[in-house]
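Notes follow once the structure below has been shown.
Just so we're clear, the structure is a prediction, and the values are computed from it rather than from any experiment. Nothing fancy with the numbering, it's 1 onward along the sequence.
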Amino acid sequence: MASHGRPGAVRKTKKGPAIGTGGHGRKSLEGKGPTPKAEDRPYHKAYKSKELAERSAAKRGGKSAGTGRTKGKAAEEVVTGRNSVLEALRAGIPAKALHVAIRVEMDDRVRDSLKLANERGIPVMETGKPELDRMTDGAVHQGLMLQIPPYEYADALDLVDETIERYRRGHVGNAPLFVALDGITDPRNLGAIIRSASAFSSHGVIVPERRAVGVTASAWKTSAGAAVRVPVARVGNLNSALKSFKSKGIFVLGLDGDGDVSLPGLSLGRDPICIVVGSEGKGLSRLVRENCDQIVSIPIDSAMESLNASMAVGITLYEVSRQRAS
């Protein structure tokens, strides 16, 4: 009787090809290629630094200025570093919050900053170093950062209308007096001009939205607190604003070394005026110059080519103030 063997067993009669993977295991034998650069590896420190740099560049390139008569807002600013933060607090710059690194190494600058913040009612927040690095875009902060709120600009035409109305009602002693900046990009110049405007009873400072400086922490500091007393207005187009001022009875006086009127011979000092100053290098732009009722020059020594913009404004405001007082 024949034996049928185990059920399901298969007996090979001849040797054939072995069953393979069909090539699916070939990838497991391949290498992973060259090692990526440090800045392309997400877990590497260089990758994070690259991301911070890209975000910082995007912020600088992505800012857009508004137009028309809407109130403009400056971007929120931060002051970093122990010396800078302490000087900003001493100067009375408006602050949103003081960020202090967790377990920061204490010294006199940190203690004084904490004391000033508490006296002014500024919130003090303990912040981790990685978060401080992110908020400062990788700038050196030494464990201390002051957050500055955006400056609230006045509306230029509303400011002029309100000043004229107050003057007509006798609420303002002197005729309307404004200072407009054409192409000033140095915040220290703006701060010094605001300070002079406050010293000589100016009713406001006008700055363009484009290609011009705004009220930054540096401008606040240079103004020595005058930015609290003198409103700063921002306009989309300075030439259009000057034309509107003239239609409201305000004379526009441009400052330039080649002016047709010498400052001591100025006859419009007692009238409502807007003094326009250009940058130290380029001076007044062509269109702004054409919109001026008079171009006024300040007599100086021939050896001196030009005056700093803030100095020129200060001298002119003094002469206007002297004429009005007499």
Does anything in residues 196-206 form a side chain to side chain donor-acceptor pair (under 3.5 Å)? List the pairs, not counting sequence neighbours. Ser198-Arg229

Does any N or O in the side chain of Ser262 come within less than 3.5 Å of the main-chain N or O of Gly265, such that one atom is a donor and the other an acceptor? no

Joint cluster assignment, Leu116 & Met106, ILVMFWY side-chain distance < 4.5 Å: yes

To the nearest 0.5 Å, tell me how far Asn174 CG sits from Thr163 OG1. 12.0 Å

Here the gap from Ile93 atom CD1 to Glu77 atom CD, rounded to the nearest 0.5 Å, amounts to 8.0 Å

Can you tell me if Arg134 uses its side chain to pair, donor with acceptor, with the backbone of Lys129 under 3.5 Å? no

Would you say Arg82 and Val110 make side-chain contact, with heavy atoms under 4.5 Å? yes

Non-hydrogen side-chain atoms of Leu266 and Gln323 separated by less than 4.5 Å: yes

Flag side-chain contact, heavy atom, 4.5 Å: Val78 against Leu146: no

Note: Gly259 and Ser297 closest approach over all heavy atoms is N-CB, 3.6 Å

Side chain to side chain contact (heavy atoms under 4.5 Å, CB included) between Val124 and Leu114, worked out: CA-CA 8 Å; Val124 178; Leu114 291 171; 3.7 Å; yes

Minimum heavy-atom distance Pro187-Thr216, with the two atoms named: CB-OG1, 3.4 Å

Counting heavy atoms not belonging to Arg211, are there more than 12 under 6.0 Å from its CZ? no

With side chain to side chain contact (heavy atoms under 4.5 Å, CB included) as the test, would you mind laying out the steps for Arg90 and Leu86 before giving the verdict? CA-CA 6 Å; Arg90 284 174 175 170; Leu86 181 57; 3.7 Å; yes

Spacing of Leu98 atom CG and Met145 atom CE [to the nearest 0.5 Å]: 8.5 Å

How would you list, by chain and number, every residue that makes a salt bridge (charged side-chain N to carboxylate O under 4.0 Å, His left out) with Arg286, sequence neighbours excluded? Glu290

With the side chain counted from C-beta on, respond yes when Leu177 and Leu317 share a heavy-atom pair under 4.5 Å apart, and no when they do not. yes

Answer yes or no: are there more than 12 heavy-atom neighbours, outside Met125 itself, under 6.0 Å from its atom CE? no

With side chain to side chain contact (heavy atoms under 4.5 Å, CB included) as the criterion, how do Leu89 and Arg120 come out once you've worked through the C-alpha distance, each side chain's angles and the decisive distance to 0.1 Å? CA-CA 9 Å; Leu89 289 169; Arg120 292 179 51 191; 3.9 Å; yes

Would you say Lys96 has more than 12 foreign heavy atoms packed within less than 6.0 Å of its NZ? no

Within the 4.5 Å heavy-atom criterion, are Val207 and Val213 side-chain neighbours or not? no

Mind listing the closest non-hydrogen atom pair of Tyr153 and Gly214 along with its distance? OH-CA, 3.3 Å

Asp107/Arg111 salt bridge by N-O under 4.0 Å criterion: no

Do Ile300 and Leu263 land in one hydrophobic cluster if side-chain heavy atoms of ILVMFWY residues count as linked below 4.5 Å? yes

For the atom pair CD1 (Ile122) and CD (Gln147), what is the distance rounded to the nearest 0.5 Å? 11.5 Å

Partners meeting salt bridge (charged side-chain N to carboxylate O under 4.0 Å, His left out) with Arg188 (sequence neighbours left out): Asp186

Please test Leu159 against Asp155 for side chain to side chain contact (heavy atoms under 4.5 Å, CB included), starting from the C-alpha separation and ending with a verdict. CA-CA 6 Å; Leu159 178 62; Asp155 181 277; over 6 Å; no

On a heavy-atom basis, the closest approach of Ser113 and Val85 is OG-CG1, 4.1 Å

Looking only at heavy atoms, which two atoms of Tyr151 and Val232 are closest? And how far apart? OH-N, 3.3 Å

I'd like to know if Arg109 pairs up with Asp112 as an ion pair, taking the criterion as any Lys NZ or Arg NE/NH1/NH2 lying under 4.0 Å from an Asp or Glu carboxylate oxygen. no

Would you call Trp220 and Pro94 a side-chain contact if the rule is heavy atoms closer than 4.5 Å? yes

Non-hydrogen side-chain atoms of Thr316 and Leu255 separated by less than 4.5 Å: yes

Does any part of the side chain of Ile206, heavy atoms only, come nearer than 4.5 Å to the side chain of Leu181, both counted from C-beta? no

Neighbour count >12 (heavy atoms, 6.0 Å) for atom CD, Glu119: yes

Crowded around Lys115 NZ? As in, over 12 foreign heavy atoms under 6.0 Å? no

Show your working on salt bridge (Lys or Arg N to Asp or Glu O under 4.0 Å) between Arg169 and Glu165 and close with a plain yes or no. CA-CA 6 Å; Arg169 292 177 178 271; Glu165 184 62 24; 2.8 Å; yes

How far apart are the C-alpha atoms of Thr80 and His141, what are their side-chain angles, what is the distance that settles it, and do they pass the side-chain hydrogen bond (donor to acceptor under 3.5 Å, both in side chains) test? CA-CA 5 Å; Thr80 62; His141 51 73; over 6 Å; no

Would you find a donor on one side and an acceptor on the other, under 3.5 Å apart, between the side chain of Arg324 and the backbone of Gly269? yes

Do you reckon Val205 sits in the same ILVMFWY cluster as Val228, going by side-chain contacts under 4.5 Å, direct or chained? yes

So how far is it from Ser285 OG to Asn239 CG, rounded to the nearest 0.5 Å? 5.5 Å

So, does Asp133 use its side chain to make a donor-acceptor pair with the main chain of Gly138 at under 3.5 Å? no

Are Tyr318 and Val320 co-members of a hydrophobic cluster defined by side-chain heavy atoms under 4.5 Å apart? yes

So how far is it from Ile164 CD1 to Phe245 CZ, rounded to the nearest 0.5 Å? 9.0 Å

Is there a path of hydrophobic side-chain contacts, each under 4.5 Å between heavy atoms of I/L/V/M/F/W/Y residues, joining Leu287 to Ile295? no

In short, Lys246 meets Asn291 closest at the heavy-atom pair NZ-O, 3.0 Å

